[in-house]
Each structure stands twice: as C-alpha cells, then as structure tokens.
Amino acid sequence: MNFSILGTGMYVPDNIVTNDDMSKIVDTSDEWIRQRVGVQRRHICTTETTVELGYQAALRALENSGTKPEELDLILAATVSGDNVSPSLSCMIQRKLGATCTAYDINAACSAFLYLLETAAGYFARGKVKKVLVVGAERLSKLVDWKDRGTCVIFADGAGAAVLGKGSGYLDSTFTTRGGDTVIKIPAYAGESPFSRLEPERPFIHMEGQETFKYAVNAICSDINKLLEQNGLTPDEIKYIVPHQANKRIIDLACIRLKMPISKFYVNIQEYGNTSSASIPIALDEINRKGLLKCGDLIILTAFGAGLSNAACLIRW
Ligand code: UT7
C-alpha cells in the first residue's frame, strides 16, 4: 500500500514584481530575463511570512481534498527560507491548522517536495498513516542578494501543498545526491561567538549558474529515462512531466534531448519564477485545478537543486 494524491493547494503573495520592476533594482532588462530564464513576473512577500504562505497553501489542499486538520496523521514540510531555524515550518503549520499529528521538516532544497513524498510513502507502506499533508513554502526574497542580477531575477516566493491518502498512485522514484557546496550554497547566519575564528559568509544564495544549468539538464534527462525504463513505459504513455521551474531553457533543452514534445512539460515559470521546494506543488495544483489530468493518467515529477540533489517520481493520478 502506498498513497494517492487526494488534493492540492497553492498560495503566492499578492505583490507582483515584473521584469521592468527588476530593472529598476539591478542592471537587467525584461528582454534578458524572458530570453535567458523565461520569467515574466514573480510574487514577492511584503508582509507575509513563510509560515503564512505554507499555511494558506495547506488550507487550500485540505479543502480540495475534503480533509479536516484533525484527520491528518502526519505533516511534512520543506523550506530553505523558514522564518525560524526552530520551530520548524511543519510545526508552525500544524499549530495554525489546529492539527495534533506529528510534524517535521526535510531539507533538500529545490528537490525537497519529492523527498517529502518519498518519506510519506514509507509511512503508508508501514500502515502508520491514512492522511498526510506535504507542504513546500519559500520566501526566497529574503535570501537573494538584491545586488546580484544573476540570482535576484530568478528566485521568488510561494507555497504549494498536497494531501495524500491511502492508494496506489505512487509508483516509482529515484533520488541522487552529489554532496558539495561549490555550485549552490546558502550560508547560514554566522553567529556572534567571541571564540569563532571562522570567516563569516553573507547568508545569501550563491549559485554557479552555468554549472547548475548543466547539472539540471542531465539530471532531468537521466531521471526521466530511468523511470521510463524501470517501468517499461514509453514517453507517449506519460501525460505530463512536471519539472522544477528553474529556467525555461533547462526545460527546452531536456525536451530536445529526451525527444519529447514541449507540450508534455508543464511550464509556469513565467508567472512565479523559481520558488524552490514550492515550485513542483504549485505546478501540480495548477494542473489539478485546470482539470488537465484524469483518473489513471501517468505523470512524472522531476526536480534538482542544491545539495546537489536530484529526484523524480512516477505517479498515477
Ligand atoms: O533552483 C536551483 C537550480 N537553479 C538553476 O537551475 C539555475 C540554473 N542556471 C541558470 O538558470 C542560468 O545559468 C542563469 C539564468 C543563472 C544565468 O544565465 P546564463 O545564460 O548562464 O548567463 P551567464 O551567467 O553565463 O551570464 C551571461 C551574461 C553575463 O555577462 P557577460 O559577462 O557575458 O558580459 C552576465 O553578467 O549575462 C549577464 N547577466 C545578466 N544580464 C542581464 C547575468 N544576469 C543578468 C541579468 N540581466 N539578470
């Protein structure tokens, strides 16, 4: 026994920041951002916290699945941009929802939503849970260096969530880690210990764009091929690929290499930018609410990011 997705939800802040708005902050242009990244606008927090984003997405997923907070047996959440180091995002969402179940966070940056699903699958397999809430929420606007045009035009804020229930929808998955901090890194607050002799680092997103780009294209292609092969499937049998929304050119290139039509890949980076752990559940919620999937359709979720890490899973809707 594993799980099926019972409902989805998403939430983004009201404040929309266009590429033209960005060009007033750093030396960039709407043309460059559209062409090189594919983002047209993003949603950036003004007063919202990460907890609030996650809570709102969770409420919508609960409503969409017809689940009450007291029915939840587990809440798993992911963020690299939490309001607090502790309590965790999941604990704060539990409290706001009025739920009483166990709650904890998993850190796997942009791949994290897939790690939440895999962890939940273990609980379902052991018959420990009937309903699980998974949430990815990010306020990356607090982690970007607003003077670095290479990153601040890409990352944004938002949250996505799903409610999982007993079922047989989670078919297969693959996870890879290539540990290291030379390609993407978000240093933590250095502290003020009078004894520390470590050089403090600025607690912003540092990213080697081109290295990440290459890693991402390879990861998407190898993970999708692996899942297709392991399950004896052809690309035609997959209704949608839901990739992490990091750069439209990454998705385009993966499409070409995989010889799959771009129409199979769900793309919404133009509206939200890169929201890390929230990007896949936001896309999933849009697909769900637009009615693009019917019962039995196969989809592949595929993610990559800091760690470095990449992951993919095959789901029957
Ligand atoms: O979610 C985590 C995973 N993250 C990713 O997957 C991100 C992957 N990487 C990327 O999406 C791309 O590498 C970036 C969008 C970050 C950068 O695009 P690029 O095509 O790799 O650009 P680049 O870093 O090679 O820079 C090309 C030029 C440089 O100018 P010069 O040195 O050629 O004169 C940059 O300074 O573009 C310049 N540039 C910009 N120009 C206008 C970099 N950022 C900007 C900007 N506006 N915002």
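One-based numbering, in listed order, for ligands and for the atoms of each.
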Just which atoms of ligand 1 are under 4.0 Å from any heavy atom in I154? 15 (C), 16 (C)
Give the residue and atom name of whichever protein heavy atom lies nearest to atom 20 (O) of ligand 1, and the separation in Å to one decimal. R36 NH2, 2.7 Å
As an exercise, identify every atom of ligand 1 less than 4.0 angstrom from a heavy atom of V153. 48 (N)
Main chain of S193, side chain of S196: is a donor-acceptor contact present, judged purely on distance under 3.5 Å? no
Which label fits Y123 and Y104: parallel for a plane angle under 30°, tilted from 30 to 60°, or perpendicular past 60°? tilted
Is S4 reaching over with its side chain to a backbone N or O of G169, donor-acceptor style, under 3.5 angstrom? yes
Among all protein heavy atoms, pick the one closest to atom 11 (O) of ligand 1 and tell me residue, atom and distance. N247 ND2, 2.7 Å
For atom 27 (C) of ligand 1, what is the nearest protein heavy atom, given as residue, atom name and distance? W32 CZ2, 4.6 Å
Who's the nearest protein heavy-atom neighbour of atom 24 (O) of ligand 1, and how far? Q210 NE2, 4.4 Å
Closer than 4.0 angstrom: is that true for some heavy atom of M22 and an atom of ligand 1? no
Heavy-atom nearest neighbour in the protein, as seen from atom 8 (C) of ligand 1, with distance rounded to 0.1 Å: G209 O, 3.5 Å
Do protein heavy atoms approach atom 16 (C) of ligand 1 to less than 4.0 Å? yes
Ligand 1 contacted by Y215 (non-hydrogen, < 4.0 Å): no
So, for atom 31 (P) of ligand 1, does the protein have a heavy atom nearer than 4.0 Å? no
Just which atoms of ligand 1 are under 4.0 Å from any heavy atom in T28? 42 (C), 46 (C), 47 (N), 48 (N)
Side chain to side chain donor-acceptor pair (under 3.5 Å) between Y55 and E48, worked out: CA-CA 11 Å; Y55 167 66; E48 301 89 345; over 6 Å; no
Side chain, backbone, both or neither: I250 near ligand 1, heavy atoms under 4.0 Å: side chain
Heavy-atom contacts with V37 under 4.0 Å: which atoms of ligand 1 show up? List them by number with element. 15 (C)
So, for atom 45 (C) of ligand 1, does the protein have a heavy atom nearer than 4.0 Å? yes
Assess whether salt bridge (Lys or Arg N to Asp or Glu O under 4.0 Å) is satisfied between E52 and K96, documenting all intermediate values. CA-CA 9 Å; E52 185 63 22; K96 277 180 87 80; 3.2 Å; yes
For residues R178 and N310, is any side-chain donor paired with an opposing acceptor at under 3.5 Å? no
Under the 3.5 angstrom rule, does the side chain of T177 hit a backbone N or O of G179 as a donor-acceptor pair? no
Parallel, tilted or perpendicular, judged at 30° and 60°: which one describes the rings of Y240 and Y266? perpendicular
Qualifying residues under salt bridge (Lys or Arg N to Asp or Glu O under 4.0 Å), relative to D145, sequence neighbours excluded: R202
Which heavy atom of the protein is the closest neighbour of atom 3 (C) of ligand 1, given with residue, atom name and distance? T212 CG2, 3.5 Å
Contacting atoms of ligand 1, where contact means under 4.0 angstrom from a heavy atom of R249: 18 (O), 19 (P), 20 (O)
Quick one: which ligand 1 atoms are inside 4.0 Å of a heavy atom on F213? 8 (C), 9 (N), 10 (C)
With ring centroids as reference points, do Y115 and F175 lie under 6.0 angstrom apart? yes
Nearest protein heavy atom to atom 1 (O) of ligand 1, by residue and atom, and its distance? N274 ND2, 2.6 Å
Shortest non-hydrogen pair, D157 vs P13, comes out as O-CD, 3.8 Å
Flag side-chain contact, heavy atom, 4.5 Å: L171 against I315: no
Out of C110, G150, A246, who gets a non-hydrogen atom closest to atom 6 (O) of ligand 1? A246
Minimum non-hydrogen distance to atom 38 (C) of ligand 1, winning option of H244, R149, K248: R149
Measuring only between side-chain heavy atoms, which start at C-beta, is V51 closer than 4.5 Å to N84? no
